[in-house]
Protein chains: 2
Amino acid sequence: MGRVETNGRRKRATVKDVATEAGVSRGTVSRVLNGQPYVSDEARAAIDAAIAKVGFVPNRAARSLVMQSSQAIGLIVHEPHSLFVEDPNIGSILLGANAALSDADYQLSCLIADSQRDIDRLARYLSGGLIDGVIIVSARVGDPITRAVADLGLPAAFVGHPRDIGEAAYVAIDNRAGAREITTRLAATGRSRIGMIAAALDRDSGSDRLAGFVDALGNRFDPQLVERVPFYSYSDGQAGMRALLQRSPDIDGVFASSDAVAAGALDVLRDAGRVVPDDVGVVGFDDSSWALRCDPPLSTVHQPADELGRAAARAVLAQLRGEDPQAGGRVLECPVVWRGSA
Amino acid sequence: MGRVETNGRRKRATVKDVATEAGVSRGTVSRVLNGQPYVSDEARAAIDAAIAKVGFVPNRAARSLVMQSSQAIGLIVHEPHSLFVEDPNIGSILLGANAALSDADYQLSCLIADSQRDIDRLARYLSGGLIDGVIIVSARVGDPITRAVADLGLPAAFVGHPRDIGEAAYVAIDNRAGAREITTRLAATGRSRIGMIAAALDRDSGSDRLAGFVDALGNRFDPQLVERVPFYSYSDGQAGMRALLQRSPDIDGVFASSDAVAAGALDVLRDAGRVVPDDVGVVGFDDSSWALRCDPPLSTVHQPADELGRAAARAVLAQLRGEDPQAGGRVLECPVVWRGSA
DNA sequence: CTGAAAGCGCTAACAC
DNA sequence: GTGTTAGCGCTTTCAG
């Protein structure tokens, strides 16, 4: 397999080696490699044999260079440490995107941005021609990654819908409508003092969920009952619930802006001796694995994470084929799932 | 920024454009690009200006081709769907590896293998010269990915220690010792009928944990009390516990081979009316975010996931520098963390 | 210190 | 059908 150099390191066989071995020219080898027609059966056979014999495997860097494409697309996750670990949706999105790309024989490369340094390196990496397009998950408004990708003119699709992505393709859920609906249902269980733990307001999802909450409550909305926290995390859920409880002990309903947040809230409520759903009703958002693990199981808004990933991947592929990026975006359904927590 | 072609698509500026703009040769541009000495200050200044003016950004495919290296290393996760989503350790390993690579200015690319098709494509991708080395997470014995990487002679480091990786570098924890220790402590709480939910026996971690359990119990070990399940998952934990309960209703201690498994077991025990830790003591393994969310919080074995990722990354980097792959492997400490579940 | 030229491994005209 | 020949964009001798 492969030639062996004096230094002992295996040197990889090239098209040229295959050509000599098969007694044909490089052009012909290239043709069979790319499945083009107009190659005699004997030539094809000789080449196949030669490929196997010398252990040839094409060098993608060379191919990318000449083709100006790499058959790889990136999925960028821009998250602070903890969230990436805690948020089960990201995993589902990843798997969905991978499935769709796999069908089209594209390689998915998941790139994580976890520091300013990462962002800079990532920008350089993306502009290097080793990635044909990107799926961007959880971008924030004014995200430097968004800018870099736009500057590069790289085919892209967003999961979610930050307001500043212009005409770029995106696939999202209607966070506002989902939040509105579940809040309405929570209110319908007879609660009168409904609060919200509002996380990630620097993201479209976060601010939209808050907006939906306000919509639903209308003039019964009381700003005192909204606690803002930075992340969609379990610990921020705990902190938010503690603050709410202290400020408004008469609270009898809580919309947590994610299931992880709800889980934190639930645990704080239990410690405070409140019974859910009798004393206070709690609802979440995401329908992630947290929801079923809660006690009682969480009423929440279902998020089709896997399908979000698939659709985003398809949007990037469409752009790569030169098709119109599906006129902006797609919005997927996010039905309420009613369980025992409210 | 960049030249504009007639078709409207931006064509990227090349070294040549920079050279003409700056009135020097391509060689000189390349020198400043790579921070080499022996370039006059004026030339350097002119080139820097030209780079900014034409919006030059180096093409990595071209650079990779000539340098035979890409400054990117892959992290391969070979998992069935569900697990990737449920296992918080993978996220931490990823983040740790990313941190270490980031310091060395390498790009981490996370590659997921979720089907046979993925595996084949991955093998081709890895051999393409776009990836300089790999970190392999959760490989199984006889894993095709392991074979492919070995055939390629790609610098690699494993997280975990499948028996069939030969001399390859790895970083692992002593699963057997950890399991032995926590089982011993569980027994010391006065339990006499201790069972185990043993998952992932096709992986070194899974079989080692079982071995440690057997070690600890010595002649008090009863094969009847071991239930084998496929994955380290919540649902397999539930299934395992149900089976155990039915077969041996007198069970009073359970070693679950991961925290997720333990969480499932806990919920089944609760539904069955057993009080933890009074009626039955439960311990897990991993010290992941599941552990704290359990009620009562789980006694478990701490796994330094972040550090596993970091160390694996460093091992690959060392190989890339031509240093000896640190004589096989490193084994990290995994202390028992005692909480309320036993 | 700098320019010219060769070549990394592959594909794509264009001849024959 | 197949060989030949230009490059893709970059680094790197080797002269000067």
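Lettering of chains follows the sequences in order, A, B, ..., and the numbering in each one begins at 1. Bear in mind that the values here come from a model prediction, so they are computed numbers and not experimental data.
The shortest distance between side-chain heavy atoms of B:L130 and A:Q107 does not fall below 4.5 Å. Contact of the B:L94 side chain with the B:L108 side chain is registered, since non-hydrogen atoms from C-beta on lie closer than 4.5 Å. Residues B:I165 and B:T146 are in side-chain contact: their nearest non-hydrogen atoms beyond the backbone lie under 4.5 Å apart.
Look at CG on A:N59: it is 6 Å from C1' on C:dG9, rounded to the nearest Å. Atom pair A:D17:CG and C:dC10:C1' shows a separation of 13 Å (rounding to whole Å applied). The CG-C1' distance, from A:L130 to D:dC8, rounds to 14 Å in whole Å. Taking atom CG of B:D41 as the reference point, atom C1' of C:dT2 lies 15 Å away to the nearest angstrom. In this structure, B:E42 atom CD and C:dC1 atom C1' are separated by 10 Å, rounded to whole Å. To the nearest angstrom, C1' of C:dT11 lies 13 Å from CG of B:L65. Rounded to an integer number of Å, the gap from CD of B:Q68 to P of C:dC10 is 10 Å. Across the protein-nucleic acid pair, B:R12 atom CZ and D:dC8 atom C1' stand 13 Å apart, rounded to whole Å.
When heavy atoms are screened at a 4.0 angstrom cut-off, B:A43 is found touching the sugar-phosphate backbone but no base atom.
Counted by atom type alone, B:D132 and B:S70 present one or more donor-acceptor pairs between their side chains at under 3.5 Å. Counted by atom type alone, A:D118 and B:N98 present one or more donor-acceptor pairs between their side chains at under 3.5 Å.
Overall bending of the helix from C:dC1-D:dG16 to C:dC16-D:dG1, expressed as the angle between end axes built from five pairs apiece, is 40° (10° steps).
Applying the side chain to side chain contact (heavy atoms under 4.5 Å, CB included) criterion to A:R44, with sequence neighbours excluded, gives A:V32, A:V39, A:D48.
OP1 or OP2 of D:dT2 has at least one side-chain nitrogen or oxygen of A:S40 nearer than 4.0 Å. Proximity of A:S25 to the phosphate of D:dG3: a side-chain N or O atom is located under 4.0 Å from OP1 or OP2.
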Nucleotide by nucleotide, 5' to 3', does protein get under 4.0 Å of the base (B), only the sugar-phosphate (S), or neither (-) in nucleotides 11-16 of chain D, counting heavy atoms? BBB---
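Annotation for B:E42: atom CD does not count as buried by contact number, only 12 or fewer foreign heavy atoms lying within 6.0 Å. Around the CZ atom of B:R117, the shell of radius 6.0 Å holds more than 12 heavy atoms that belong to other residues, nucleotides or ligands.
Pairing each heavy atom of A:G129 with each of A:S64, the nearest pair is O-CB, 4.4 Å.
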